[in-house]
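Encoded as structure tokens, the structure appears first; notes follow it.
This is a predicted model, so every value here is computed, not measured.
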Amino acid sequence: MNQIKDIIRHSEHTAEVVIESPSIATSARAGHFVIIRFNKECPRIPFTIVDTDPVLGTFTIIIHKGARLTELIRSLDVGYEILDLLGPLGQAFDIKNYGTVICSGDGAGFVPLIPVIKSLKQAGNHVVAILSEFSEKTSCLRSSAEMYADEIILSTDEDETVGHVSRLSKEMDVNLVVMTGPTQMLKKIADSTRRDSIPTLCMLNMVMLDGVGLCGICRVMVDGQRKLTCIDGPVFDAHHVDFDQLQNRQRYFV
């Protein structure tokens, strides 16, 4: 149990890891995540569940741009026994046929969108994916999106990404925007889509310690109410999130 069955190394800081866990493989849905402690020296780290194989009893995570985890990535190999594994955690994404959906995320923050893009496309949606901060370091994520998205748009910074979302909102009938990434970019996109009356969801990537709502570090204000990303999220209505308060909190932990 909790054994690494396969590992694909994209770079010294990026690896795709397939882990054996039949219970997670059969119950996880798009939007769910796990918290892993690889060994006694490693902290508890949240990872998006990017894919599952219920038949083989495995699920996949991506360790992306994990510069602080370079030594850990080097130590991982097929057969490695993971010390602690908790999941699936969080609330699953509400997958249905919305119509045309824009999925926008930055480099490392694009990872949570991969299972959402796949599930939305399988539900019959027309999916446009925007990969911000595109560079050689993030190119390994492009192929994951291209497998399912109808269109891929690459941008080099957050202002260009916000511009793409605004432009597409005027050029086509967009039914939903789903976004991840830095808080300031999320706020800018939310302001833009609010003006255009386009429903918008944000997938928050927060610092977490336990993943079950005890530490409170991942709290966020939504409609004036305190929510915890680990148990109430990670998906929230972006038009009701207090991004200013969120950014102030993140300064204490990032």
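Between Met185 and Val162 there is a side-chain heavy-atom pair separated by less than 4.5 Å. No side-chain heavy atom of Ile63 sits under 4.5 Å from any side-chain heavy atom of Ile45. With contacts defined as side-chain heavy-atom distances shorter than 4.5 Å, the pair Lys121/Asp150 qualifies. Contact annotation: the side chain of Ile24 approaches that of Leu85 to within less than 4.5 Å [non-hydrogen atoms, C-beta and beyond]. Two residues are said to be in side-chain contact when any heavy atoms from C-beta on lie closer than 4.5 Å; Thr58 and Asp6 fail this criterion. In this structure, the side chains of Phe243 and Asp191 stay at 4.5 Å or more apart for every pair of heavy atoms. Arg9 has its side chain within reach of Asp77: a pair of non-hydrogen atoms, C-beta onward, lies under 4.5 Å apart. Contact check for Lys118 versus Asp51: side-chain heavy atoms found under the 4.5 Å cut-off.
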Would you check, one step at a time, whether the test side chain to side chain contact (heavy atoms under 4.5 Å, CB included) holds for Cys230 with Leu89? CA-CA 7 Å; Cys230 64; Leu89 300 172; over 6 Å; no

Show the numbers, then the answer: is there a side-chain hydrogen bond (donor to acceptor under 3.5 Å, both in side chains) between Lys187 and Thr183? CA-CA 6 Å; Lys187 180 182 178 181; Thr183 303; over 6 Å; no

Checking side-chain hydrogen bond (donor to acceptor under 3.5 Å, both in side chains) for the pair Arg29/His32: CA distance, chi angles, key distance, verdict? CA-CA 6 Å; Arg29 301 292 181 269; His32 283 150; over 6 Å; no

Apply side chain to side chain contact (heavy atoms under 4.5 Å, CB included) to residues Glu16 and Thr60 and explain how you reach the verdict. CA-CA 7 Å; Glu16 197 169 334; Thr60 303; 3.6 Å; yes

Would you please test Val17 and Phe47 for side chain to side chain contact (heavy atoms under 4.5 Å, CB included) and show each step? CA-CA 11 Å; Val17 184; Phe47 292 99; over 6 Å; no

Test Val178 against Phe93 for side chain to side chain contact (heavy atoms under 4.5 Å, CB included), laying out the working first. CA-CA 10 Å; Val178 185; Phe93 194 100; 3.7 Å; yes

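Shortest non-hydrogen contact noted between Glu158 and Pro182 is OE1-CG, 3.9 Å. The minimum heavy-atom distance between Ile231 and Gly213, with the atom names listed, is CG2-N, 4.0 Å. Looking at every heavy atom in both residues, Ala145 comes nearest to Ala129 through CB-CB, 4.5 Å. Residues Arg219 and Leu228 approach most closely at CB-CD2, 3.6 Å, considering heavy atoms. Residues Met208 and Pro46 approach most closely at SD-CB, 4.4 Å, considering heavy atoms. Of all non-hydrogen atoms in Leu186 and Met179, the two that sit nearest each other are O-CE, 3.2 Å.
The OG1 atom of Thr48 lies 8.5 Å from the CZ atom of Phe33; values are rounded to the nearest 0.5 Å. Going from atom CD1 of Ile4 over to atom CD of Glu81 covers 9.0 Å, rounded to the nearest 0.5 Å. Taken to the nearest 0.5 Å, the CE atom of Met221 stands 11.5 Å off from the CZ atom of Phe236. Separation of atoms CD1 (Ile36) and CD1 (Ile61) is listed at 4.0 Å; rounding is to 0.5 Å. Atom NE2 of residue His126 and atom CG of residue Asn175 lie 10.5 Å apart, to the nearest 0.5 angstrom. For the atom pair CD1 of Ile198 and OG1 of Thr100, the computed distance is 10.5 Å after rounding to the nearest 0.5 Å.
Here the side chain of Thr200 pairs no donor or acceptor atom with the backbone of Ala190 at under 3.5 angstrom. Between the side chain of Ser192 and the backbone N or O of Lys188 there is no donor-acceptor pair closer than 3.5 Å. Between the Arg44 side chain and the Asp84 main chain, no donor and acceptor come within less than 3.5 Å of each other. Remark: side-chain polar atoms of Arg194 are paired, donor with acceptor, to backbone N or O of His239 under 3.5 angstrom. Thr26 places a side-chain N or O within donor-acceptor distance of the main-chain N or O of Ser23, the cut-off being under 3.5 Å. Proximity of a side-chain donor or acceptor of Asn125 to a complementary backbone N or O of Tyr98 within less than 3.5 Å is detected.
Clustering ILVMFWY residues whenever any of their side-chain heavy atoms sit less than 4.5 angstrom apart, transitively, puts Ile114 in the very cluster that holds Leu176. Tracing side-chain contacts under 4.5 Å through hydrophobic residues (I, L, V, M, F, W, Y), one never reaches Ile35 starting from Ile62; they form parts of separate clusters. Both Ile7 and Phe59 are members of a single hydrophobic cluster when ILVMFWY side chains are connected at heavy-atom separations under 4.5 Å. Hydrophobic clustering, with ILVMFWY side chains joined whenever heavy atoms are under 4.5 angstrom apart, groups Val222 together with Leu246. When hydrophobic clusters are built by joining Ile, Leu, Val, Met, Phe, Trp and Tyr residues whose side-chain heavy atoms come closer than 4.5 Å, directly or via intermediates, Ile8 is not grouped with Ile73.
With Ser132 as the fixed residue, the side chain to side chain donor-acceptor pair (under 3.5 Å) test singles out one of Thr180, Thr161, Asp159: Thr161. Under the side-chain contact (heavy atoms from CB on, under 4.5 Å) test applied with Ile189, the options Ser169, Ser166, Ser104 reduce to a single match, Ser104.
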